[in-house]
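Taking it in order: structure first as structure tokens, then the write-up.
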Amino acid sequence: MLYAAGVETAHLRMLLSILPKAVDLGIDRGWGPWSGATLDVKTAFLNAQLLHRSCPRTKPGPAEVEVPDEVVVLRPPKLLVDREMIPRNTLLACDKAVYGLDQSPRDWGIERDLSLGKMKVKVGEGCYVLRPTQSDPNVWGLVPEDEGLQPDLEGRGAKVVPPMPCKVELGVPLEPDNGEWIPEVWYLRSTHHPLAWVVVYVDDMLIIGPAVLVRAVLRGVRGLWTCGSEEWIPSDDAAPPLKFFGFELRWKGPDLLLSQMDYVRDLRSRYEVESSVATPLPPGSVDVEAEESPVDKHALRQCQGIVGEALWVATRTRPDLSYPVSKLAQSMLSAPVATLKLAKQLLSYLCASSDFCLVYRSGSAVSGSAGSTSSVSSRGVIEVQTDASFAPSAGRSQECVHMYWCGSLVGWLSSRQPFTAASTAEAELLSTTLGFSFGRAHTYLAAEILGERPALNLLSDNTACVAIVSTDNATWRTRHLRIRSQVLREHYQQGLCHLGHISGGKNTSDAGTKSLPAARLEALQELMGLVQVPTAPVAQRKLQAIVACLCIIGSEGSLVGGAFEDSAEEALGGWGLERMDMLSWIPFLQQRVELITVLFVWSVLSVMA
């Protein structure tokens with residue numbers, strides 16, 4: 001592995017979803033409401049030594065031994081050679097992780113993790129340290145220095161070794177069984193839970209937690225490397241949003257908004273977007289027949305560009321676009337011309353709905369709402385809703401999974417099933433099994449955040465699917481389905497997850513299995529937490545400030561000086577006008593010129609925005 005791994009998108013959304021809920025969930029530990037800020041490390045790669053190519057954590061790097069296994073040399077730029085700043089035929093030995101070298105991102109990631117693991121953060125009389133989570137090495141928790149977990153910094157990397165491990169099953173600590181653990185049933189328990197969190201993406205860091213702790217971590221990071229200016233999540237609509245990992249973050253009162261408005265506006269400026277449409281794809285069955293070969297390569301490249309750029313939005317802030325993107329990706333290779341027409345409709349819808357935001361509310365979801373459909377309170381609950389569209393066009397079914405945590409939509413999937421299902425129950429069962437795996441994989445980080453095991457609730461709108469898992473039925477017709485769902489059945493019987501039925505009207509994952517009419521899509525968007533939050537573009541807000549300044553200047557006094565008066569008097573005098581007549585016309589003309597200028601600037605910048 002030569003790249004620097006990044007945080008999983010669902011894990012980042014899980015952390016962002018607790019920002020407005022920290023006090024309500026009781027994880028603020030008395031420090032008050034949470035906030036977030038970002039910081040980037042300048043020339044990050046140059047801060048890392050060049051490590052061993054194949055064994056960076058166990059073998060010394062090229063600069064640490066006399067006879068290295070591999071030597072990386074660089075040819076200096078020709079400009080420096082031509083100016084005789086470097087002798088000709090000179091090669092430079094590489095000791096640092098320079099930019100452009102394939103292993104530099106990995107070497108920087110190792111150096112970054114080592115430095116963060118050794119960093120100490122002091123707040124008042126307390127001293128805190130950062131520890132990576134068990135579930136995602138790019139998510140770090142801030143804990144007191146006397147935390148039970150101590151890092152192993154002997155090698156190249158911060159390896160967490162719990163000195164007093166324990167196994168927790170259903171929230172009850174058990175004695176270890178010969179040091180062997182069952183990953184599905186053990187969770188790390190400690191005397192202190194993280195007070196703040198640091199999310200790492202190559203050389204960018206997002207710190208969330210109480211403001212005093214966030215500032216302390218920022219100071220600690222600045223003490224390690226040269227960094228750019230810090231940016232906080234704004235609460236003012238006039239301020240630009242905080243950008244991290246493709247997300248645009250801002251506060252709207254007590255709620256947190258996730259969007260990608262600037263990215264969508266950039267798409268609109270680069271494509272000739274047609275008139276706005278009400279749905280991303282035509283409602284109903286979307287069947288694209290394969291075209292005769294050879295395929296149109298130009299149309300295929302256009303499809304790949306549009307679908308790829310829409311994918312960036314669909315995987316981050318727009319779960320309502322997961323089905324259209326998946327459907328177009330399936331058909332663009334065999335039918336690029338027909339798919340291009342649909343892709344342009346998707347692009348038109350995306351640009352028309354650029355001000356849609358994924359909202360994370362400050363309070364917990366109430367019983368019956370999305371995220372708390374099957375529970376009294378959404379606190380500490382992972383609710384997974386699944387659905388499948390059985391055999392569209394007599395082919396493989398389309399399945400979708402939506403995962404809610406503490407009432408907020410934090411993860412979603414939409415894909416074609418790996419093989420053709422023989423019945424609706426089988427298609428729904430495959431979707432539910434996928435939802436179980438998806439939800440279970442994210443219970444580990446949820447447990448580390450809350451300090452307790454979350455409840456995993458699986459919901460399907462197919463009663464046959466629920467019966468196959470929850471009841472004992474020996475009929476031969478469903479025996480193969482019970483075998484296929486055996487893993488899910490075992491966890492259900494042990495109480496490690498719950499399975500229930502959800503009405504089709506409340507199942508938001510229905511949006512990821514088919515193309516819906518506008519009214520149905522809007523209803524599901526509201527349940528997901530996708531709302532339209534109109535905000536003025538940055539250019540338009542700057543324009544409003546310019547217009548206000550011009551109006552103030554124009555109202556405070558005349559801009560006409562004596563030189564202009566003299567020249568105007570000379571010009572108007574030839575028309576037989578006296579000086580007093582001329583002076584009475586000057587303010588009138590000046591106001592009209594200013595008004596025309598303001599209207600012209602307003603129209604130009606409005607188009608640019």
Side-chain angles (χ1 to χ4, degrees), residues 7 9-25 33-38 197 199 201 204 206-209 211 214 230-268 310 312-322 349-365 369-371 378 402-412 508 511 521-522 524-541 609:
V7 62
T9 310
H11 283 167
L12 176 57
R13 282 192 294 259
M14 291 178 68
L15 289 169
L16 292 175
S17 68
I18 66 172
L19 261 179
K21 297 183 177 71
V23 177
D24 182 66
L25 295 176
W34 283 21
S35 187
T38 59
W197 297 91
V199 181
Y201 177 62
D204 294 332
L206 171 66
I207 302 98
I208 63 175
V214 172
E230 62 190 54
E231 298 182 19
W232 292 76
I233 301 177
S235 56
D236 184 7
D237 290 341
L242 174 66
K243 296 183 179 180
F244 180 79
F245 199 46
F247 291 88
E248 297 173 13
L249 311 175
R250 67 165 64 252
W251 292 105
K252 190 70 173 180
D255 302 330
L256 183 66
L257 304 183
L258 282 67
S259 67
Q260 292 172 282
M261 295 184 185
D262 291 346
Y263 176 78
V264 177
R265 292 192 189 105
D266 179 66
L267 289 181
R268 184 170 53 191
W312 180 254
V313 182
T315 56
R316 273 161 174 74
T317 60
R318 296 294 300 271
D320 57 328
L321 302 182
S322 59
Y349 177 80
L350 176 59
C351 294
S353 60
S354 61
D355 53 358
F356 270 54
C357 300
L358 187 61
V359 181
Y360 287 158
R361 308 289 183 185
S362 57
S364 299
S369 60
S378 62
H402 279 187
M403 180 179 68
Y404 294 82
W405 184 52
C406 297
S408 300
L409 181 59
V410 295
W412 53 85
T508 60
L521 181 61
E522 292 173 1
L524 293 182
Q525 285 173 335
E526 184 178 357
L527 291 176
M528 297 178 201
L530 274 174
V531 299
Q532 195 171 12
V533 183
T535 57
V538 176
Q540 185 175 346
R541 292 193 293 266

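Counting begins at 1 with the first residue of the sequence. Fair warning: this is a prediction, and the values are worked out from it, not measured in the lab.
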List the atom of [X], the atom of [Y], and the distance in Å for their closest heavy-atom pair.
X: Phe244; Y: Val199; result: CZ-O, 3.9 Å
X: Met261; Y: Val533; result: CE-O, 3.6 Å
X: Ile208; Y: Val214; result: C-CG2, 3.9 Å
X: Met528; Y: Asp320; result: SD-N, 4.3 Å
X: Ser259; Y: Phe356; result: CB-O, 4.0 Å

Between Leu258 and Leu249, is a side-chain contact (heavy atoms from CB on, under 4.5 Å) present by the stated rule, with each step listed? CA-CA 5 Å; Leu258 282 67; Leu249 311 175; 3.7 Å; yes

Can you find a pair of side-chain heavy atoms, one from [X] and one from [Y], that are under 4.5 Å apart?
X: Asp255; Y: Ser362; value: yes
X: Tyr263; Y: Thr317; value: no
X: Val264; Y: Ser353; value: no
X: Cys406; Y: Leu25; value: yes
X: Leu12; Y: Leu206; value: yes
X: Leu242; Y: Trp251; value: no

Distance from [X] atom [atom1] to [Y] atom [atom2], nearest 0.5 Å?
X: Lys21; Y: Leu16; atom1: NZ; atom2: CG; answer: 10.5 Å
X: Ser408; Y: Leu358; atom1: OG; atom2: CG; answer: 8.0 Å
X: Arg316; Y: Gln260; atom1: CZ; atom2: CD; answer: 7.0 Å
X: Asp24; Y: Arg361; atom1: CG; atom2: CZ; answer: 14.0 Å
X: Ile18; Y: Trp34; atom1: CD1; atom2: CH2; answer: 4.5 Å
X: Tyr360; Y: Leu19; atom1: OH; atom2: CG; answer: 10.5 Å

*Intermediate values then yes/no, side-chain contact (heavy atoms from CB on, under 4.5 Å), Leu321 and Leu350*: CA-CA 9 Å; Leu321 302 182; Leu350 176 59; 3.7 Å; yes

(Q) Using the rule given for salt bridge (charged side-chain N to carboxylate O under 4.0 Å, His left out), can you reason through Arg250 versus Asp236, listing the C-alpha separation, both sets of side-chain angles and the distance that settles it, and then say yes or no? (A) CA-CA 8 Å; Arg250 67 165 64 252; Asp236 184 7; over 6 Å; no

field: Geometric class of the Trp312/Phe245 ring pair [parallel <30°, tilted 30-60°, perpendicular >60°]
entry: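 The arrangement is perpendicular - the two ring planes meet at more than 60°.
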
| message | Within 45 degrees of the ring normal and closer than 6.0 Å to the centroid, is that where the cationic atom of Arg13 sits relative to Trp405? | response |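 Relative to the ring axis of Trp405, which defines the angle, Arg13 lies outside at least one limit.
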
Between Trp412 (side chain) and Ala314 (backbone), is there a donor-acceptor pair under 3.5 Å?
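Side chain of Trp412 to backbone of Ala314: a pair is present.
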
(request) Indicate yes or no for a side-chain donor-acceptor contact from Glu230 to the backbone of Ala37 under 3.5 Å, with no hydrogens or angles considered. (result)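 Checking the backbone N and O of Ala37 against the side chain of Glu230, no donor-acceptor pair under 3.5 Å is found.
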
Mind running side-chain contact (heavy atoms from CB on, under 4.5 Å) on Lys252 and Asp237 for me, showing each step along the way?
CA-CA 8 Å; Lys252 190 70 173 180; Asp237 290 341; 3.1 Å; yes

